[in-house]
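Presented below is the structure to which this report refers.
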Number of protein chains: 2
Amino acid sequence: MRGERGKRARSTILDVARLARVHPSTVSRILNDRPGLTLRPETRARVLAISKRLDYRPSALARSLRLQRTLTLGMLVPDIANAFLAGIIKGAEEACHERGYTLIVCNTADVPEREATYLRVLRERQVDGVLVASARLSDESIGSLLAERFPVALVNRGTHVDRGTRGNDDLWVHVDDRGGAVAAIDHLAALGHRRIAHVAGPQTTTTGRERLVGTRAALRRHGLTGTIVEAEAWSEVEGYRAARQLLRGDPPSAIFAANDLIAFGVLRAAREAGLDVPEDVALVGFNDIPEAALVDLSTVHVPQHEMGARAAELLIARAEGRPIAEPRILLETRLVARGSSAPAKERVTA
Amino acid sequence: MRGERGKRARSTILDVARLARVHPSTVSRILNDRPGLTLRPETRARVLAISKRLDYRPSALARSLRLQRTLTLGMLVPDIANAFLAGIIKGAEEACHERGYTLIVCNTADVPEREATYLRVLRERQVDGVLVASARLSDESIGSLLAERFPVALVNRGTHVDRGTRGNDDLWVHVDDRGGAVAAIDHLAALGHRRIAHVAGPQTTTTGRERLVGTRAALRRHGLTGTIVEAEAWSEVEGYRAARQLLRGDPPSAIFAANDLIAFGVLRAAREAGLDVPEDVALVGFNDIPEAALVDLSTVHVPQHEMGARAAELLIARAEGRPIAEPRILLETRLVARGSSAPAKERVTA
DNA sequence: TTGTACGCGTTATCAA
DNA sequence: TTGATAACGCGTACAA
């Protein structure tokens, strides 16, 4: 039963060397060919030919063991299936691929135990660095990585891990959450809305907090109070739950949801409450995931792909020991107005 | 500049052995502890303690090199950000995690060159098997893998690779595409629709073909002809393009789109054409991705998570040389009726 | 019950 | 210009 498979043993560098009548190390040199090295074209050609004929492919395992680097990056995300994260992952994956790195994406489901397990696995596999896109705060695990000076890059999340012990060279790619929130509120205010509510994201996350801060500041500037409710998670379901609470009684005329998924939940709750969007209540989300266009949701655009790519590039630079000019990258957001926040304006006082 | 990082060298099995005053091999034995091996509890405890103290973690690299297996699976997908595939990936990832395997997801973007590159990378990394979820047909690359008896499992795609040279033991997890299509058409016919169109998926893919076959059969059974147009890709954009062609002139009263993304495109085209869904035209999709609920799309449900999980399990079994009872798994679909296909019925002859 | 010796496949370094 | 050697970190057959 066993041993049935894996018959045709893969050819190694020794096989090539033997057939080419050279030493294995010569084969290695030729195949990797460093500039500034002198090989006789003759042997070179012969080795190349043999290696092609044997379909020789070096073992990344052995090489990594020898080189002490794997050309592999790990990535921790709370949910692969989340459209926003998917965009980030894709960006990171492409940047990695371009530079010859492989990315291992790990789905933590925001469960600390899984996070820890994966972190262990990644380290056992000697990945050259870890990209952390999970939104949760305060990770001792991350703290310990940073403490060990293990290459880590944070994407779309901050950290409250003991600022004291860390330098200012932490790798960090995020967007202007406050600015985005301000843009959202400004947009709604410009449409004439005065009764604006905010369905905030979990206040256990940096993004959730920052967006709330921006919202509050903008509301104040417009001389508005605004109602704030908090969704317990960045999900449609929790957005729905929070919105129901908000819509009972005297509903606001406009709602800014902390992200698009939450906005979808708000949308569902509004419909159930017999409220039309945007006629009865205007709605703005955050992130601009592809589905936002599907339901004509106004939202704050976030360059997901770029976030992932930039973060991966930073991390690779760090892993390769290259100097990094800007370890912290702040990307701009941009409001995308769509149907969900269209009317109002003329009926300001309606 | 360099050498700055990676200072604190990770402790190896030798460090543990030294401090525990035993031979490295003893440490290895204790840590892996095979049943049926007799260790003195005393040394055992000592080694365990030391290893804990040093925070020793074995190198997966070295182990894999020695064991000739990596406990790693590769996965080829055309688009990580595709919601349907994301569900499959998630299922596969979880199954892998449960069994101690790591999954490397590769985004091929349906570009043959990338597919080939990734396949090479995965083999160099000695993955124990590859999960192929790309929908394209006829891959010589896949053919060669199969020929080499390298563990491969196909998910949501068939293969037209030379049936002759392959056994019947190919690993294959897919859904009943024909049955699903039939269910969709039956559903529309039951609503009273007589002018039913099908926006088919790319006929270069097995799923696209199977769904068309099912559609044709069902239409025929109902004594209908039906219009067929083909989308050039499984995307919103191509669905839109195909639908525009379909909707000019005398539009059908119902449309079955080969998958949800295409259905979204149809939806957009219908709206632009001033047609209301479902009042003027009923719509049914395929896959039941989460976004389908968002726009109230009727669709054929596909157990994405299960597909990924089952495929991964099959592949792991094969990689470990365990016998496989059912190498080909066919999962059932189920029609989910939502608003997009609601009315009609009473106005059959309207 | 534990130690010895070797090999997994590469590549860097030094010698020739 | 090429060869020889050692080492990366681990697991296992065999010996003690």
Side-chain angles (χ1 to χ4, degrees), chain A residues 6 9-48 50-51 54-72 123-128, chain B residues 2-3 6 8-48 50-51 54-72 121 123-128:
Chain A
R10 293 189 29 171
S11 41
T12 78
I13 202 170
L14 282 88
D15 301 321
V16 178
R18 201 174 310 125
L19 266 77
R21 309 193 152 284
V22 293
H23 195 271
S25 60
T26 304
V27 177
S28 173
R29 271 185 294 246
I30 291 179
L31 261 34
N32 296 335
D33 89 313
R34 300 221 168 317
L37 227 138
T38 42
L39 294 310
R40 181 141 50 103
E42 185 179 312
T43 33
R44 189 183 143 76
R46 184 158 33 105
V47 167
L48 251 33
I50 302 276
S51 116
L54 291 191
D55 189 26
Y56 166 70
R57 270 153 339 193
S59 158
L61 247 38
R63 169 184 292 153
S64 294
L65 186 60
R66 175 67 237 233
L67 261 32
Q68 293 295 71
R69 49 195 293 247
T70 52
L71 291 180
T72 304
R123 305 212 57 188
E124 284 179 0
R125 295 184 161 262
Q126 323 271 80
V127 296
D128 297 336
Chain B
R2 291 193 63 113
R8 187 180 337 230
R10 293 191 28 174
S11 43
T12 77
I13 202 170
L14 281 89
D15 301 320
V16 179
R18 202 174 310 127
L19 265 78
R21 308 193 154 284
V22 292
H23 196 270
S25 60
T26 305
V27 177
S28 172
R29 273 184 291 244
I30 292 180
L31 262 34
N32 297 336
D33 85 316
R34 301 221 167 316
L37 227 141
T38 42
L39 294 310
R40 180 141 49 106
E42 186 180 314
T43 32
R44 190 184 141 76
R46 185 158 32 105
V47 167
L48 251 33
I50 301 275
S51 115
L54 291 191
D55 189 26
Y56 166 69
R57 267 147 344 185
S59 158
L61 247 39
R63 169 185 291 152
S64 294
L65 187 59
R66 176 67 241 242
L67 262 33
Q68 292 295 70
R69 49 196 294 248
T70 53
L71 292 180
T72 304
V121 170
R123 305 212 57 189
E124 284 179 359
R125 295 184 160 261
Q126 323 270 79
V127 297
D128 297 336

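All values below were derived from every heavy atom in this structure, side-chain atoms included, with hydrogens, water molecules and symmetry-related copies excluded. We name chains A, B, ... by the order of the sequence lines, and we start the count at 1 in each one.
Of the candidate nucleotides C:dT10, D:dG11, D:dG9, D:dG9 has the atom nearest to the side chain of B:T12. Among C:dT2, D:dC10, D:dT1, the nucleotide with an atom closest to any side-chain atom of B:L39 is C:dT2. Picking from D:dT2, D:dA4, D:dC10 the nucleotide with the shortest atom distance to the side chain of A:H23 gives D:dA4. Closest to the side chain of B:R40, from the set C:dT1, D:dG9, C:dT10, is C:dT1.
Residue B:D33 contributes atom CG, which lies 17 Å from atom P of D:dC10 at whole-angstrom precision. Counting to the nearest Å, the P atom of D:dG3 and the CZ atom of A:R29 are 8 Å from each other. Between the CZ atom of B:R69 and the P atom of D:dC10 there is a distance of 18 Å, given to the nearest Å. Between the CG atom of B:D15 and the C1' atom of D:dC10 there is a distance of 13 Å, rounded to whole Å. Atom C1' of nucleotide C:dG9 and atom CG of A:L54 are separated by 15 Å, given to the nearest angstrom. One interatomic measurement links the two molecules: CG of B:L67 to C1' of D:dC10, which rounds to 9 Å at whole-angstrom precision. In this structure, the OH atom of B:Y56 is 10 Å from the P atom of D:dG9, given to the nearest Å. A:L61 places its CG atom 14 Å from the P atom of C:dC8, with the value rounded to the nearest Å.
Of the side-chain N and O atoms in A:T26, one or more sit less than 4.0 angstrom from OP1 or OP2 of D:dG3. In this model, the phosphate group of D:dG11 is approached by a side-chain N or O of B:S28 to a distance below 4.0 Å at OP1 or OP2. Distances shorter than 4.0 Å separate some side-chain N or O of B:Q68 from OP1 or OP2 on C:dG9.
Base contact: B:T38 has a heavy atom under 4.0 Å from a base atom. Using a 4.0 Å heavy-atom criterion, one finds that B:T43 contacts the sugar-phosphate atoms exclusively. Within 4.0 Å (heavy atoms only), B:S25 reaches at least one base atom of the nucleic acid. Using a 4.0 Å heavy-atom distance criterion, A:R44 is classed as making no nucleic acid contact. Using a 4.0 Å heavy-atom cutoff across all strands shown, B:R66 reaches at least one base atom of the nucleic acid. At the heavy-atom level, A:R34 lies under 4.0 Å from the strands shown only through sugar-phosphate atoms.
Residues A:T72 and B:R125 bring a donor and an acceptor atom of their side chains to less than 3.5 Å of each other.
Annotation: of the two residues near DNA chain C, B:I30 and B:L65, the 5′-most nearest-nucleotide partner is B:I30. Mapped onto DNA chain D by nearest heavy atom, B:P24 and A:R21 fall at different nucleotides, with A:R21 at the one closer to the 5' end.
Looking only at distances, a side-chain donor or acceptor of B:R10 sits under 3.5 Å from a matching main-chain atom of B:R57.
Atom CD1 of A:I30 sits about 9.5 Å away from atom CD1 of A:I13, to the nearest 0.5 Å.
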>> side chain to side chain contact (heavy atoms under 4.5 Å, CB included) for B:V22 and B:T43? Distances and angles first, verdict last.
In response: CA-CA 8 Å; B:V22 292; B:T43 32; 4.2 Å; yes
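In this structure the side chain of A:V27 never reaches within 4.5 angstrom of the side chain of A:S51, judged on heavy atoms.
The two atoms that bring A:T70 and A:V127 nearest to each other are OG1-CA, 3.6 Å, heavy atoms only.
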